[in-house]
Number of protein chains: 2
Amino acid sequence: MPTIKDVAAKAGVSTATVSRVLNGEKVKDETKEKVLKTIKLLGYRPNLIARSLKTQKTHTVGFVVPDYGQFFMQIAKVVEDILNGYGYSLVVCYSDENPEREKARIKMLMEKQVDGMLVVPTSDQDDYLMELNKQGIPVILIDRMVKDVQTDCVLVDNVNGAYQAVEHLITKGYHRIGVINGRQEVTTGEERYRGYLRVFEDYNLQIDRELIRFGDFSTESGFALMKELMSLSNPPDAVFITNCYMTIGAMLAIDEMNIKVPDEIAIVGFDDTELTRLSKPPVTSVVQPVQEMGEIAANLLYRRICGDMSDYPKMYRLKTTLLVRASTDPEWKKKLDGKEGA
Amino acid sequence: MPTIKDVAAKAGVSTATVSRVLNGEKVKDETKEKVLKTIKLLGYRPNLIARSLKTQKTHTVGFVVPDYGQFFMQIAKVVEDILNGYGYSLVVCYSDENPEREKARIKMLMEKQVDGMLVVPTSDQDDYLMELNKQGIPVILIDRMVKDVQTDCVLVDNVNGAYQAVEHLITKGYHRIGVINGRQEVTTGEERYRGYLRVFEDYNLQIDRELIRFGDFSTESGFALMKELMSLSNPPDAVFITNCYMTIGAMLAIDEMNIKVPDEIAIVGFDDTELTRLSKPPVTSVVQPVQEMGEIAANLLYRRICGDMSDYPKMYRLKTTLLVRASTDPEWKKKLDGKEGA
DNA sequence: CTGAAAGCGCTAACAT
DNA sequence: ATGTTAGCGCTTTCAG
């Protein structure tokens with residue numbers, strides 16, 4: 001591999017000049033030509049490591065997700081595209097919904113000297129994240145936030161998303177509405193539960209505590225909890241499930257128990273993925289603006305990296321939409337009639 | 001951030017000694033203690049960039065996948081875990097099934113100076129990949145290979161996997177067996193098609209060319225091609241679909257057309273993901289040993305990075321398994337009875 | 001066993 | 001407009 005020195009020597013200029021050409025600084029056209037030519041000739045590629053050592057910038061950003069499922073990977077894709085466009089590359093790693101592992105991954109990213117980070121925190125008290133901020137490396141929280149922490153975050157309005165979902169069930173005439181919650185140490189889990197509770201409050205309805213279950217966001221927990229709910233002497237007639245993995249688990253359980261949806265039980269889930277769309281029947285879901293979340297987060301992070309702290313800390317609360325499908329609507333198939341394709 | 005110099009100064013030793021302690025070389029216990037203590041005291045963390053510049057190793061490896069779907073991300077997870085265990089971190093990027101983009105991503109990884117790469121090539125004539133090999137950076141092809149190229153690869157036996165799938169259909173008594181193929185410029189696409197053809201040859205059966213369709217691995221193409229097949233005046237009674245996205249698309253099409261599986265059409269897919277498992281009915285699938293693929297690839301790459309070229313170039317051809325489910329077996333549900341859970 | 005010193009390849013003052 | 005030079009933080013001969 002040729003170095004900048006080789007180029008300088010061959011072109012008969014100093015390394016500084018070559019560097020200037022490389023970085024688009026003012027250089028006499030004639031010498032620039034000459035340098036460019038020798039660069040091509042030698043097949044020279046700047047050594048990014050050396051450059052990083054000098055500039056203290058790696059042009060790399062990290063993204064810590066809880067898992068590699070469709071929801072977060074959709075965001076990752078958007079983020080990667082945008083950041084690539086700015087000349088940054090993305091390192092994605094997964095925390096496995098485990099604060100310890102999250103900390104380890106963040107540490108690794110720190111040591112790799114990333115210029116910034118996007119994190120989906122696995123707990124609402126991530127003291128470690130704050131250190132980063134103090135160290136001056138921009139961090140954007142995405143999807144979930146951390147309590148008592150002042151930093152940029154891109155979230156959705158989970159409370160009202162959940163509210164809308166549960167209200168939809170009530171409007172449809174369901175009375176015994178259960179909920180399968182996610183981890184309450186995570187803001188999305190807690191907020192969605194809060195939305196559920198608020199509906200009952202607003203409608204002045206009684207809640208049967210038996211219908212409230214707590215899972216850990218995993219397919220397995222959705223499966224197990226749905227079985228529990230349906231084994232009750234007085235089972236629910238509808239269930240709100242607060243993320244997509246648990247929804248899948250619940251659908252599998254329902255299927256295994258040979259229960260009819262929505263006739264015997266109505267289901268509304270959170271997140272819209274291929275799974276919920278392909279499921280039979282398709283699941284009514286609170287859909288999050290994935291594309292927008294990714295775009296906003298990536299662009300905000302880029303601005304922070306560039307030193308623009310004008311509106312820091314900025315919190316986005318994007319709105320969700322309720323997509324009604326057959327799992328809460330027996331008429332769905334007829335009404336739809338070709339409106340939803342592949 | 002303190003540097004090695006700060007540590008050396010504070011501990012009253014030379015930077016060389018600190019470096020030795022850091023790298024576990026022989027140092028008098030007493031001085032080692034002292035150094036370790038000041039490292040802790042100052043909260044010193046070695047600067048990996050500086051180290052990389054010196055050692056020419058980044059302890060990073062790249063992984064280029066066609067997409068962020070479940071199949072490849074499952075592999076990525078395995079690979080990441082293993083490599084992390086060896087002290088390497090993984091940069092995953094997606095080529096979007098596009099050779100140009102793949103080239104760009106590989107180039108980026110090269111410039112980032114990764115110590116090695118795992119690539120799922122998007123074409124069977126990736127001249128660019130060979131350059132890497134010449135440059136001495138280890139590359140392992142995974143899932144797909146490149147023709148006329150001598151390099152390590154971890155593949156599955158697609159031909160026999162497909163063969164088994166189609167033979168299963170024949171055994172079940174289906175006659176008009178269609179196929180939805182993937183991109184033929186990609187070895188998996190071509191090999192699976194070959195497996196399909198071979199069955200007809202071996203059984204000395206006539207093929208109706210009308211039943212052979214070519215897609216691009218996407219859900220959309222699976223959807224469109226299945227619609228085409230089922231709109232034929234003489235439609236197939238079974239279809240083999242050569243990857244999971246197209247299988248999903250096909251299932252959606254079938255659903256939309258209100259066709260019953262397996263009564264009116266039997267389906268066998270390639271790849272086993274949540275989608276094919278959750279689908280109604282669940283799809284009989286050729287399942288690939290994802291875990292094993294990841295393990296083998298990661299460990300092989302590690303060995304190559306460590307300079308062990310003993311068995312180069314090594315080609316693995318792992319065996320697939322056929323998982324029979326309801327999409328080819330009306331009796332499935334009864335037979336199963338609790339054998340398959342969440 | 002430890003220290004001095006020379007770089008790895010690049011950028012950025014500072015000079016010219 | 002270009003060249004000189006001093007590092008960025010680390011590893012690694014080579015001496016001692």
Side-chain angles (χ1 to χ4, degrees), chain A residues 1-39 42-60 87 108 110-115 135-137 307, chain B residues 1-39 42-60 87 108 110-115 135-137 307:
Chain A
M1 274 279 103
T3 75
I4 199 172
K5 264 190 185 162
D6 301 320
V7 176
K10 193 110 185 175
V13 298
S14 74
T15 62
T17 301
V18 178
S19 175
R20 285 185 188 107
V21 172
L22 253 28
N23 296 292
E25 285 166 47
K26 199 101 208 84
V27 171
K28 210 209 296 178
D29 277 357
E30 190 186 341
T31 38
K32 183 196 263 183
E33 286 283 284
K34 195 167 48 180
V35 170
L36 253 19
K37 204 163 290 172
T38 34
I39 284 179
L42 300 182
Y44 165 78
R45 309 258 89 212
N47 181 323
L48 298 188
I49 306 216
R51 182 179 284 173
S52 289
L53 179 57
K54 184 67 189 176
T55 62
Q56 308 282 26
K57 313 216 140 300
T58 53
H59 281 254
T60 301
M108 179 218 88
M110 290 292 302
E111 304 203 325
K112 288 262 177 218
Q113 241 99 289
V114 294
D115 294 343
Q135 298 208 13
I137 129 153
Chain B
M1 274 278 104
T3 75
I4 200 173
K5 263 189 189 165
D6 301 320
V7 176
K10 193 109 185 176
V13 296
S14 73
T15 61
T17 301
V18 179
S19 174
R20 286 186 188 108
V21 172
L22 252 28
N23 296 293
E25 286 165 46
K26 197 100 207 86
V27 172
K28 208 209 295 177
D29 275 358
E30 190 186 344
T31 37
K32 183 196 263 183
E33 286 283 283
K34 197 167 49 181
V35 170
L36 253 18
K37 204 163 290 173
T38 35
I39 284 178
L42 300 183
Y44 166 77
R45 309 259 90 213
N47 181 324
L48 299 187
I49 308 222
R51 181 178 288 173
S52 291
L53 179 57
K54 186 65 190 178
T55 61
Q56 307 281 30
K57 315 216 138 297
T58 53
H59 280 254
T60 301
M108 179 217 89
M110 290 291 301
E111 305 205 322
K112 288 261 178 217
Q113 241 100 292
V114 294
D115 294 343
Q135 297 209 13
I137 129 153

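We name chains A, B, ... by the order of the sequence lines, and we start the count at 1 in each one.
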S.K.: Could you list where the contact with chain B starts and ends along DNA chain C, reading 5' to 3', using a 4.0 Å heavy-atom cut-off?
M.R.: C:dC1 to C:dG9

S.K.: Round to a whole Å and report the spacing from CG of B:Leu53 to C1' of D:dT12.
M.R.: 14 Å

S.K.: If you count heavy atoms of other groups shown closer than 6.0 angstrom to CD of B:Gln135, is the number above 12?
M.R.: yes

S.K.: Does D:dT11 have its OP1 or OP2 closer than 4.0 Å to a side-chain nitrogen or oxygen of B:Ser19?
M.R.: yes

S.K.: For DNA chain C, whose closest nucleotide is more 5', that of B:Lys54 or that of A:Leu48?
M.R.: B:Lys54

S.K.: How far apart are the C-alpha atoms of A:Val13 and A:Lys34, what are their side-chain angles, what is the distance that settles it, and do they pass the side-chain contact (heavy atoms from CB on, under 4.5 Å) test?
M.R.: CA-CA 9 Å; A:Val13 298; A:Lys34 195 167 48 180; 4.3 Å; yes

S.K.: Which distance, rounded to the nearest 0.5 Å, do you find between the CE of B:Met1 and the CD of A:Gln113?
M.R.: 9.0 Å

S.K.: Can you check side-chain contact (heavy atoms from CB on, under 4.5 Å) on A:Asn47 and A:Thr3, steps first, answer last?
M.R.: CA-CA 8 Å; A:Asn47 181 323; A:Thr3 75; over 6 Å; no

S.K.: Let me know, please, whether B:Gly12 or A:Ile4 comes out on the 5' side of the other along DNA chain C by nearest nucleotide.
M.R.: B:Gly12

S.K.: Quick one: label B:Thr17 by what it contacts on the DNA or RNA (base, sugar-phosphate, nothing), any heavy atom closer than 4.0 Å.
M.R.: sugar-phosphate

S.K.: Rounded to the nearest Å, what distance is computed from the NZ atom of residue B:Lys5 to the P atom of nucleotide D:dT11?
M.R.: 14 Å

S.K.: Can you give me the bend angle of the helix from C:dC1-D:dG16 to C:dT16-D:dA1? Use the axis through the first five pairs and the one through the last five, nearest 10 degrees.
M.R.: 40°

S.K.: Without decimals, in angstroms, what is the distance between B:Lys57 NZ and D:dC10 C1'?
M.R.: 16 Å

S.K.: Measure the distance from CZ on B:Arg45 to C1' on D:dC10 and round it to the nearest whole Å.
M.R.: 15 Å

S.K.: Is the closest side-chain heavy-atom distance between B:Val27 and B:Val35 below 4.5 Å?
M.R.: no

S.K.: Evaluate the side-chain proximity of B:Thr60 to B:Lys112: yes if any heavy-atom separation is below 4.5 Å, no if none is.
M.R.: no

S.K.: Side chains of B:Leu36 and B:Val21, heavy atoms from C-beta outward: is any pair under 4.5 Å?
M.R.: yes

S.K.: Residues from residues 20-32 of chain A sitting under 4.0 Å of DNA chain C, heavy atoms only?
M.R.: A:Arg20, A:Asn23

S.K.: So for atom CD, which belongs to B:Glu25, do other residues, nucleotides or ligands contribute more than 12 heavy atoms lying within a distance under 6.0 Å?
M.R.: yes

S.K.: How far does NZ of B:Lys26 sit from NZ of B:Lys28, to the nearest 0.5 angstrom?
M.R.: 12.0 Å

S.K.: Find the distance B:Arg51:CZ to D:dC8:C1' and express it as a whole number of Å.
M.R.: 16 Å

S.K.: Please answer whether the main-chain N or O of A:Ile4 pairs with a side-chain N or O of A:Thr15 as donor and acceptor at a distance below 3.5 Å.
M.R.: no

S.K.: Keeping the roles fixed (side chain from B:Thr55, backbone from B:Arg51), state whether a donor-acceptor pair exists under 3.5 Å.
M.R.: yes

